[in-house]
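Down below is the structure, laid out as structure tokens.
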Amino acid sequence: MKLYRSALTIFMTVMALFSARAYDSIAFHCDSDTTDINTLLHAPELKEMTPENRLAFFAKNLVGGPSAIREEILDADTLLFTVNIHSFTPLSFISTCIALAQAYETSASPNWRDFADKYEAIMYKGGKSTDFMSRFLYPSDWIADNIFRGNVTDATQRLDGIEPRKKEKSIDYISDHRDAFKAFANQRNYDRLKMLEMGFRNHQIPFISNGNITNPARYKTVAKEGDIFFLLTPDFNLDSREMGILTWDGDKLMMIHMSPSKGQVTLEELPFDNYVKRNIKRIQGARIIRITK
């Protein structure tokens, strides 16, 4: 019995130390991040919602968050895993919403630690933040990795009544613009980027056409609250420039995204179909992703 108690004591001590150290390497964007995350996770209206509804709820509550593309991607050359609920890149905005929705499911009293665990599992390759190259630089990489690990599913090819198409692209936009990214002055980072891009040569991207998006009798009839969209770009070596989350406002399908023109998370005034119509020259269809239940 003494031996058992000693072993149990040692085990509990080790687990306590591990838990205490687990968050030592996390930085915080500001003093209110943990408080604001906890407040969001305990919103009373979440209780009656589906995961898709929660995803849209969190997206709406992040409207106004400014862009962090320059500090996190263009000017960064290292990685510091940061709990941040106040500024975003396009991919980190989507990842944050999914992480909040998943964190809510973890327990009866979820908190910012649950969010941090889920966010790392969604925002970094293989679910682990290690260095600059562990972050996702292309939406196609984020989609493939998160589908493989069960965080999301690709709904593009199974929307009732909509025949998907495929576009073939060799994605190497970042290496073609190497000078715009501080991290790739480092030759090792650049070599690893080139290896990543080799995996996306002749990449097949499923999408639904602009005609299906802008025709009210098509995509709107199968669209769901919380659909994640990726708008394909005509840039020959880039997959997507705009991405976000869809929400219903009555019979209008609205989009929440990191607006390229406004530089912040925005609930667009134009419905999704009208937005695509207005920007038809720079949009070549959409890929639709859904959170797993």
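The structure displayed is predicted, hence computed values, not measured ones.
Ring planes of Phe200 and His203: perpendicular class, angle over 60° (limits at 30 and 60°). The aromatic rings of Tyr275 and His257 stand perpendicular to each other, their planes meeting at an angle above 60°, with 30° marking the opposite boundary. Aromatic ring orientation, Phe229 versus Phe272: tilted (interplanar angle from 30° to 60°).
Side-chain atoms of Asp227 never come within 3.5 Å of backbone atoms of Ala223 as a donor-acceptor pair (strictly under, hydrogens ignored). The backbone N or O of Ser175 sits less than 3.5 Å from a side-chain atom of Glu197, completing a donor-acceptor pair. Judged purely by atom type and a 3.5 angstrom limit, Asp145 has no side-chain atom pairing as donor or acceptor with the backbone of Phe148. Under the 3.5 Å distance criterion, the side-chain polar atoms of Thr156 are left unmatched by any main-chain donor or acceptor of Phe207. The backbone N or O of Tyr138 sits nowhere less than 3.5 Å from a side-chain atom of Ser140 that would complete a donor-acceptor pair. Side-chain atoms of Asp191 do not come within 3.5 Å of backbone N or O of Arg188 as any donor-acceptor pair. Using modelled atom types, one side-chain atom of Asn146 and one backbone atom of Trp142 make a donor-acceptor pair closer than 3.5 Å. Side-chain atoms of Arg54 never come within 3.5 Å of backbone atoms of Ala101 as a donor-acceptor pair (strictly under, hydrogens ignored). Asn84 places a side-chain N or O within 3.5 Å of a backbone atom of His86 that can act as its donor or acceptor partner. Although no hydrogens or angles enter the test, the distance criterion places no donor-acceptor pair under 3.5 Å between the side chain of Glu225 and the main chain of Asn53.
Looking at heavy atoms from C-beta onward, Lys166 lies in side-chain contact with Gln157 at the 4.5 angstrom threshold. The closest side-chain heavy-atom distance from Lys277 to Asn274 is below 4.5 Å. Counting heavy atoms from C-beta outward, Arg241 and Pro260 have side chains that stay 4.5 Å or more apart. Within the 4.5 Å cutoff, no side-chain heavy atoms of Thr78 are placed close to those of Phe132. By the 4.5 Å heavy-atom criterion applied to side chains, Met133 and Leu193 are counted as neighbours. Contact check for Tyr219 versus Asp273: no side-chain heavy atoms found under the 4.5 Å cut-off.
In this model, a donor atom of one side chain and an acceptor atom of the other lie less than 3.5 Å apart for Ser261 and Ser259.
The 12-atom threshold is not exceeded at CD of Glu269, counting heavy atoms of other residues, nucleotides or ligands nearer than 6.0 Å. Other residues, nucleotides and ligands place more than 12 heavy atoms under 6.0 Å from the CZ atom of Arg178. Within a 6.0 Å radius of NZ in Lys224, other residues, nucleotides and ligands contribute 12 heavy atoms or fewer. A 6.0 Å sphere centred on CD of Glu168 holds more than 12 heavy atoms belonging to other residues, nucleotides or ligands. For CZ of Arg165, the number of neighbouring non-hydrogen atoms (other residues, nucleotides, ligands) closer than 6.0 Å is 12 at most. By the 6.0 Å contact criterion, NZ on Lys252 is open, its count of non-hydrogen atoms from other residues, nucleotides or ligands being 12 or less. Atom CZ of Arg282 sits in a crowded spot, with more than 12 heavy atoms from other residues, nucleotides or ligands closer than 6.0 Å.
Nearest heavy atoms, Phe57 versus Leu46: CD2-CD2, 3.4 Å. For Ile162 against Arg218, the heavy-atom pair with the smallest separation is CD1-C, 4.0 Å. Nearest heavy atoms, Asp154 versus Pro206: OD2-CG, 3.7 Å. Nearest heavy-atom pair, Gln284 versus Asn210, reported as atom, atom and distance to 0.1 Å: C-OD1, 3.9 Å. Nearest heavy atoms, Val152 versus Ile143: CG2-O, 4.5 Å. Between Leu231 and Ala286 the shortest heavy-atom distance is CD2-CB, 3.8 Å.
A ring-centre distance under 6.0 Å is found for Tyr173 and His177. Between Phe81 and Tyr124, the gap from one ring centroid to the other is short of 6.0 Å.
Remark: Gln204 CD to Lys169 NZ distance equals 12.5 Å, nearest 0.5 Å. A distance of 12.0 Å separates CD in Glu52 from OG1 in Thr247, rounded to the nearest 0.5 Å. With rounding to the nearest 0.5 angstrom, the CD1 atom of Ile37 is 10.5 Å from the OH atom of Tyr119. For the atom pair CZ of Arg113 and OG1 of Thr34, the computed distance is 8.5 Å after rounding to the nearest 0.5 Å. The CD1 atom of Ile245 lies 4.0 Å from the CG atom of Leu55; values are rounded to the nearest 0.5 Å. In this structure, OG1 on Thr89 lies 8.5 Å from CE on Met243, to the nearest 0.5 angstrom.
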TODO: Could you walk me through whether Leu267 and Lys60 pass the side-chain contact (heavy atoms from CB on, under 4.5 Å) test, one step at a time?
DONE: CA-CA 7 Å; Leu267 173 59; Lys60 293 172 188 174; 5.8 Å; no
TODO: List the steps, then state whether side-chain contact (heavy atoms from CB on, under 4.5 Å) holds for Trp248 with Leu253.
DONE: CA-CA 5 Å; Trp248 286 101; Leu253 188 61; 3.7 Å; yes
Open item on the list: Assess the residue pair Leu91 and Arg135 against the criterion (side-chain contact (heavy atoms from CB on, under 4.5 Å)); give the C-alpha distance rounded to whole Å, side-chain angles, the decisive distance to 0.1 Å, and a yes or no.
Closed with: CA-CA 10 Å; Leu91 275 177; Arg135 71 179 67 210; over 6 Å; no
Task: Asp77/Asn186 under side-chain contact (heavy atoms from CB on, under 4.5 Å): CA gap, chis, key distance, verdict - done: CA-CA 8 Å; Asp77 57 0; Asn186 179 309; over 6 Å; no
TODO: Might you work through the side-chain hydrogen bond (donor to acceptor under 3.5 Å, both in side chains) test for Asn212 and Ser209, ending with a clear yes or no?
DONE: CA-CA 5 Å; Asn212 281 314; Ser209 68; 3.2 Å; yes
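Look at Lys182 and Asp75 and you find no salt bridge, because none of the NZ, NE, NH1 or NH2 atoms lies under 4.0 Å from a carboxylate O. Looking at Asp251 and Lys220, no side-chain N of the basic residue comes within less than 4.0 Å of a carboxylate O on the acidic one, giving no salt bridge.
Hydrophobic clustering of Ile, Leu, Val, Met, Phe, Trp and Tyr side chains at less than 4.5 Å, counting indirect connections, keeps Met255 apart from Leu62. Ile256 and Phe88 fall within a single hydrophobic cluster, where Ile, Leu, Val, Met, Phe, Trp and Tyr side chains are chained together by heavy-atom contacts under 4.5 Å.
Judged as a side chain to side chain donor-acceptor pair (under 3.5 Å), and not counting sequence neighbours, Tyr190 has no contacts.
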